[in-house]
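Here the structure is laid out as structure tokens; the discussion comes afterwards.
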Amino acid sequence: MGEANPLLHFLFVSFPGQGHVNPLLRLAKRVAAKGLLVTFTTTIEFGSRIRAASQLIFPTESDSDLIPVGLGFLRFEFFNDGADPKNSIKDLSYLMTNLETNGPSALVDLIRRQSAAGRPVSCLVNNPFIPWALDVAAELSIPSAVLWIQSCAVFSIYYHFHHRLANFPTDKTLKTLVQLPGIPPIAPDELPTFILQSNPYKSLTEAILAQFHNISKARWIFSNSFDELEHETLTVFAEISPIIPIGPLVDVGEELEQEEIKADLWKSADHCLDWLATQETNSVVYVSLGSVVMLPANEMAEFAYGLRNSGRPFLWVVREDVRGLLPEGFEKAMDVEGKAMIVGWSPQQKVLASKAVGCFVTHCGWNSSLEAITAGVPIVAYPQWGDQVTNAKFLCDVYGIGVRLTAPATRETVENCVAVAVDGEEAARMRNKAETMREMARKAIAVNGSSDRSIEIFIDDVRKRVAGDGQSSVD
Ligand code: UDP
């Protein structure tokens, strides 16, 4: 990096969650690749976990390592929110309160350190759950952007809910449909569960809606979506509040090959890729419910026997925190049969890109949904809460690339849904649609695609502001 002509420096601030860090880091890489310096930050505790899981991206213990990405550089520098790791892993409200109390001053210090090091921050980008990052940016006169990490449809639902712009049912058993502009009618049991009164996770509802209190401080609102996927929602919603799609934030092509720049909480079992390479095309059932969902032991058993009875090879992600819920002896029996692989964490994007994968049994987290779309893989949808249920509706009923597994799953329903997604007419129809969507997704992020252009415009805008008034940096 030339001292005489320092690169424009953006700061990306993430909530410490796997589903939050992944899309923000992928955006950080795309921005850096265009010839910028990007510092990526989250809590020091999350930082030490990703350091332990992905040593490749952290060659030394130093925070100042510059990682070349395309024409620019990425670096990591974590902030200390003073949290007690024992509490912050288990207790979301402790984590949120602690972040809210200590996060802002730690972030101010971090920003001032950048100025002192001769790389003042010209733009701050954060994701939801840490709305205070926008307040810090505003106080320091740094232009800011929010990356909404869910779909635009879900953004619109929360927006209408927060501003009381539509009637929402309080209970998912009610029959009333919610009618919002640019979105197909949504039944109560298809709404993000966090807005229903029956939702037990009130602190999550507060965390999500908190971003809507000060989102007007952001100069740009981005979403991890693409125009071709949610065209109508975006067009109609633009009249209320423009939201710019810059996704899918999924690594493809060269980005995927260089996927070692990632921030996994667990070490991924990369050897499963060798196993996949030995399997027939479209034969393997890939099962993963993301980084948070935990099924009760009886449902784990139904999944286990349903997958085994399907007679197909399967790759199942069972995180170490839920490993003990597998039926006794199941893993050993699978080892003996040699048709399945159970891993604690997978390199999911590479798994989905493998020709061997025939379908993806997923909880429909938005990252997993977009990764499946970008890989052109049909889905068996098993949503649990939050936006997952809304995503499942879109994947199955609107995009037509998924079949729904009703809850609670039984071994028979697991086996049937897998068969529908992998074999026969319905499977062929879903795979065709999935392949069309895969092409659209890749076009959007390719050079000059709709999402790529939006990122260029964003960077140019910041560049002009910095050149024009010099206000965009902190001294
Ligand atoms: N993931 C992964 N390996 C796994 C399971 C998940 O790398 O074995 C990644 C996945 O690719 C996605 C993220 O973890 O990017 C999960 O995010 P998502 O929004 O799908 O679900 P969440 O974990 O937030 O519920």
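FYI, the numbering just counts along the sequence from 1. Both ligands and their constituent atoms are indexed starting at 1 by order of listing.
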- According to the interplanar angle, ranging from 0 to 90°, do the rings of H160 and F237 count as parallel (below 30°), tilted (30 to 60°) or perpendicular (above 60°)? tilted
- Say whether D227 and S451, considering side chains only, have a donor N or O and an acceptor N or O under 3.5 Å apart. no
- Message: Enumerate the ring-ring contact (aromatic ring centres under 6.0 Å, His included) contacts for residues 336-382, please, sequence neighbours excluded, ordered by first and then second residue.
- Response: W266-W345, Y286-F360, F303-Y382
Any protein N or O within less than 3.5 Å of an N or O in ligand 1? List each pair with its distance, or say none.
from	atom 1	to	atom 2	distance (Å)
ligand 1	3 (N)	S346	O	2.7
ligand 1	7 (O)	S346	O	3.3
ligand 1	8 (O)	S346	N	2.8
ligand 1	8 (O)	S346	OG	3.3
ligand 1	11 (O)	Q348	NE2	3.4
ligand 1	11 (O)	E371	OE1	2.6
ligand 1	11 (O)	E371	OE2	3.1
ligand 1	15 (O)	N22	ND2	2.9
ligand 1	15 (O)	R26	NH2	3.4
ligand 1	15 (O)	E371	OE2	2.6
ligand 1	17 (O)	N367	ND2	3.4
ligand 1	19 (O)	N367	N	3.2
ligand 1	19 (O)	N367	ND2	2.9
ligand 1	20 (O)	S368	N	2.9
ligand 1	20 (O)	S368	OG	2.5
ligand 1	21 (O)	H363	NE2	3.0
ligand 1	23 (O)	S291	N	2.7
ligand 1	23 (O)	S291	OG	2.5
ligand 1	25 (O)	H363	NE2	2.9

- Task: Before giving the answer on ring-ring contact (aromatic ring centres under 6.0 Å, His included), spell out for Y159 and W148 the whole-Å C-alpha distance, their side-chain angles and the decisive distance to 0.1 Å.
- Result: CA-CA 12 Å; Y159 186 94; W148 178 254; over 10 Å; no
- Query: How about F12 and F76: are their ring centroids closer than 6.0 Å?
  - Reply: no
- Query: Which of parallel (below 30°), tilted (30 to 60°) and perpendicular (above 60°) describes H162 and H213?
  - Reply: perpendicular
